[in-house]
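From a predicted model like this one, the values you see are computed outputs, not experimental measurements. Note: hydrogens, waters and symmetry copies are ignored here, and every other heavy atom, side chains too, is used.
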Amino acid sequence: MYYFCAMNIVEISKVLANDTRVRILRWLKDPVANFPPHQDIDHFDDGVCVGYIQDKAGLSQSTISTYLTAMQNAQLVIPTRHGKWTYYKRNEPVIEAYIETLKAEL
């Protein structure tokens with residue numbers, strides 16, 4: 001179980017203060033329903049390719065990369081490399097701990 005101090009809560013909350021980043025987390029919660037099947041791998045075990053996230057969000061590659069980096073720095077997503085591609089999935093233990101800490105602290 002992760003433990004969050006007030007600083008962690010604020011940092012994660014800052015990341016979640018952006019509608020697109022929240023939508024990305026929502027989409028990653030059920031990648032099968034929200035993204036097309038991967039062409040190079042036949043599963044979502046390692047997450048979703050950045051290109052698919054970019055296409056769904058309708059934003060530039062640089063913007064999506066910046067968003068995903070912020071989410072990764074807050075430990076909300078886990079990146080996995082496959083060759084030149086990076087795949088992202090939710091970090092469920094961190095998300096659950098954040099929610100539980102909010103419930104307990106607020």
Side-chain angles (χ1 to χ4, degrees):
M1 172 98 175
Y2 290 87
Y3 172 76
F4 289 105
C5 65
M7 179 187 261
N8 299 121
I9 292 171
V10 170
E11 291 306 312
I12 290 175
S13 296
K14 285 179 186 178
V15 171
L16 296 176
N18 176 283
D19 182 57
T20 301
R21 290 190 290 248
V22 171
R23 283 187 291 146
I24 290 169
L25 281 177
R26 193 176 311 127
W27 298 333
L28 292 176
K29 188 173 184 177
D30 187 2
V32 172
N34 290 296
F35 297 98
H38 291 311
Q39 295 175 357
D40 53 341
I41 54 175
D42 61 354
H43 56 78
F44 287 103
D45 295 347
D46 292 327
V48 175
C49 181
V50 174
Y52 290 151
I53 296 169
Q54 175 191 344
D55 289 345
K56 188 162 181 85
L59 298 172
S60 70
Q61 185 273 330
S62 62
T63 299
I64 293 300
S65 291
T66 299
Y67 286 174
L68 290 169
T69 297
M71 294 166 75
Q72 180 182 344
N73 290 341
Q75 299 182 14
L76 292 170
V77 294
I78 301 168
T80 302
R81 296 280 295 175
H82 283 273
K84 64 180 182 175
W85 307 108
T86 304
Y87 294 77
Y88 286 88
K89 67 180 178 180
R90 290 165 46 112
N91 188 344
E92 295 297 339
V94 168
I95 293 169
E96 288 176 25
Y98 171 74
I99 292 167
E100 290 304 315
T101 302
L102 286 177
K103 286 180 185 177
E105 298 292 324
L106 298 180

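Partners of Gln61 by side chain to side chain donor-acceptor pair (under 3.5 Å), not counting sequence neighbours, listed by chain and number: Ser65. When the side chain to side chain contact (heavy atoms under 4.5 Å, CB included) test is applied to Leu59, the partners found at least two apart in sequence or on another chain are Thr20, Ala57, Thr63, Ile64, Tyr67. In this structure, the side chain to side chain contact (heavy atoms under 4.5 Å, CB included) partners of Thr80, at least two apart in sequence or on a different chain, are Asp46, His82. Residues passing the salt bridge (charged side-chain N to carboxylate O under 4.0 Å, His left out) test with Asp19, sequence neighbours excluded: Arg23. Every residue meeting the salt bridge (charged side-chain N to carboxylate O under 4.0 Å, His left out) condition with Lys14, not counting sequence neighbours, appears here in chain and number order: Glu11.
In terms of heavy atoms, Val15 sits closest to Ala70 at CG2-O, 3.7 Å. Shortest non-hydrogen contact noted between Tyr87 and Gly47 is CD2-O, 3.8 Å.
Distance check: Leu68 CG to Ile53 CD1 gives 5.0 Å after rounding to the nearest 0.5 Å. Separation of atoms OG1 (Thr66) and CE (Met71) is listed at 12.5 Å; rounding is to 0.5 Å. Separating the CD1 atom in Ile9 from the CD atom in Glu105 is a distance of 5.5 Å, to the nearest 0.5 Å. Interatomic distance, Leu25 CG to Leu16 CG, rounded to the nearest 0.5 Å: 6.0 Å.
Cluster membership check: Phe35 shares its hydrophobic cluster with Ile24, using side-chain heavy-atom separations under 4.5 Å among Ile, Leu, Val, Met, Phe, Trp and Tyr. There is no path of hydrophobic side-chain contacts, each under 4.5 Å, that joins Ile78 to Trp85. Connection of Val94 to Val77 is established within a shared hydrophobic cluster, with ILVMFWY side chains joined at heavy-atom distances below 4.5 Å, either directly or through further cluster members. Hydrophobic clustering, with ILVMFWY side chains joined whenever heavy atoms are under 4.5 angstrom apart, groups Ile95 together with Tyr88.
Sequence neighbours left out, the pairs with a member in residues 79-90 that pass salt bridge (charged side-chain N to carboxylate O under 4.0 Å, His left out) are Arg90-Glu92.
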